[in-house]
Amino acid sequence: MRAGAVFPGQRKLEMVALDEPKISSPTQVKLRMLDVGVCGTDREICHFHYGTPPEGFEFLVLGHESLGEVVETGSGITRVRCGDLVTPMVRHACPHADCVACRSGRQDFCYTGNFQERGIKRLHGFMTNFVVDDEKYLHRVPPELREVAVLVEPLTTAEKALLQIDRIQQRLPWNAASNQAGACGRAVVLGAGPIGLLGAMALVNAGYRTYIYSREPSVDSRAGLAVSFGTEYVSSQEQSIPQLGALVGNIDVIYEATGASQIAFEMLDVLGANGVYVLTGVPRHGQPVSIHAERLARNLVLKNQVILGTVNAGRDAFEAAIRDLGIFYQRWPAAVRALITRRYPLDRFREPILERSGIKNVIVLDGNV
Ligand code: BGC
Ligand code: ZN
């Protein structure tokens, strides 16, 4: 079988030939891969800034956002059957006996940092024909989501954030998504990439009045897409952060999905009373940014604010993502489909990763492009 791979030592991207993997324990499942999405993380890996091959390999098979079909099951498998569609988790537990997070199946909260990630860190990814994985990392997806289920993994980022926001806002004796005397809670999403747009869908669906603040002008097609599922789009080329703050009113949630630190920290100035600020973007090699530390600390205290960073996702977020993607697809079928800009065959895997265009591009592994 063939795979799209990165050779970090030789700084090259190449197709490689691999033996088909075999089931070797009762809890394993063999998948035929269908779709693999590409994202900014893949771009970082393919510019050799990030990404580690498995031990003993010069290359790393790419791909962490995926959809597969079960084609064979180990003797102890109970949760999936042949023919089921599944989304695999990206992160695998670290080996340390005293990492309570990994030992509880919550490797997304790993303490040691010695976790592995499919297609990212010390585990081959899904950009290939067949994969064997343990049942505990798989999540069943209903067949009606076949066309869009590759969006489940990126949506888990937002779902994990929302689960945490809900927990944090339980500190308030009312529902933060519908606070302000019956009016909606207000959320601002920073960035209109796939993580931002999926996060905005999740916030709209959770009942927030949701604004997307991004650099594309308000006549851009992304702005139209954002409006089509019920958000208000504000272009950072047209309105400053203070203007945004005045427009929105008390901002209950800011969901950052850009990785651009300067604007992310400037946005803190407009976070409202009792607000939660979630950072999901990974700034990787920026210059130092300046922040008004005193004002920031004063606001945090006097306005009961929380700043939260979040990465990866647990089983609860995967289940929420599968459920919500189904809801989004019913509510806004055209908008969900429009998130997937283009599909490519495996032998052209470099193009969508290196040429930055569209929203979500997908590598199709079962030949139907
Ligand atoms: C993936 C996450 C992963 C993170 C850090 C993201 O692109 O979606 O699952 O944990 O990168 O490696
Ligand atoms: Zn990703």
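Order of appearance sets the numbers: ligands from 1, and atoms from 1 within every ligand.
- Taking every heavy atom of His64 and a limit of under 4.0 angstrom, the matching atoms of ligand 1 come to 1 (C), 7 (O), 8 (O).
- The protein heavy atom nearest to atom 11 (O) of ligand 1 is Thr41 OG1, 3.4 Å.
- The only member of Arg295, Lys303, Arg298 that meets salt bridge (charged side-chain N to carboxylate O under 4.0 Å, His left out) when paired with Asp269 is Arg295.
- Salt bridge Arg167/Asp316: absent, no basic N to carboxylate O contact under 4.0 Å.
- One N or O on the side chain of Gln107 and one on the backbone of Arg91 form a donor-acceptor pair closer than 3.5 Å.
- Counting the atoms of ligand 1 from 1 in the order shown, those under 4.0 Å from a heavy atom of Val311 are 10 (O).
- Side-chain contact check for Glu216 and Tyr233: at least one donor-acceptor pair (N or O, by modelled atom type) lies under 3.5 Å.
- Considering backbone and side-chain N/O atoms, Glu117 comes within less than 3.5 Å of an N/O atom of ligand 1.
- At a heavy-atom distance under 4.0 Å, only side-chain atoms of Glu153, from C-beta outward, approach ligand 1.
- In Cys39, the part holding a heavy atom less than 4.0 Å from any atom of ligand 1 is the side chain.
- For the Zn ion (ligand 2), the tally of protein N/O/S atoms lying closer than 2.8 Å stands at 3.
- Remark: side-chain polar atoms of Glu256 are paired, donor with acceptor, to backbone N or O of Gly259 under 3.5 angstrom.
- By the 4.0 Å N-to-carboxylate-O rule, Glu232 lies close enough to Arg209 to be salt-bridged with it.
- At a heavy-atom distance under 4.0 Å, no atom of Val282 approaches ligand 1.
- Residue contact check: Val90 has heavy atoms under 4.0 Å from atoms 9 (O) of ligand 1.
- In this structure, Ile359 CD1 and Arg222 CZ are separated by 5.0 Å, a value rounded to the nearest 0.5 Å.
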task: Go through the steps for Leu225 and Asp220 under the test side chain to side chain contact (heavy atoms under 4.5 Å, CB included), then give the verdict.
output: CA-CA 9 Å; Leu225 176 60; Asp220 191 87; over 6 Å; no

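- A donor-acceptor contact shorter than 3.5 Å is absent between the side chain of Arg2 and the backbone of Met15.
- Listed by number with element, the atoms of ligand 1 under 4.0 Å from a non-hydrogen atom of Tyr50 are 5 (C), 12 (O).
- Glu238 CD: more than 12 foreign heavy atoms inside a 6.0 Å radius.
- Counting heavy atoms only, Asn312 comes closest to atom 9 (O) of ligand 1 of the residues Asn312, Ile120, Asp108.
- For Asp324 and Arg331, the salt-bridge test fails: no basic side-chain N is under 4.0 Å from an acidic carboxylate O.
- For ligand 1, none of its N or O atoms has an N or O atom of Glu65 under 3.5 Å away.
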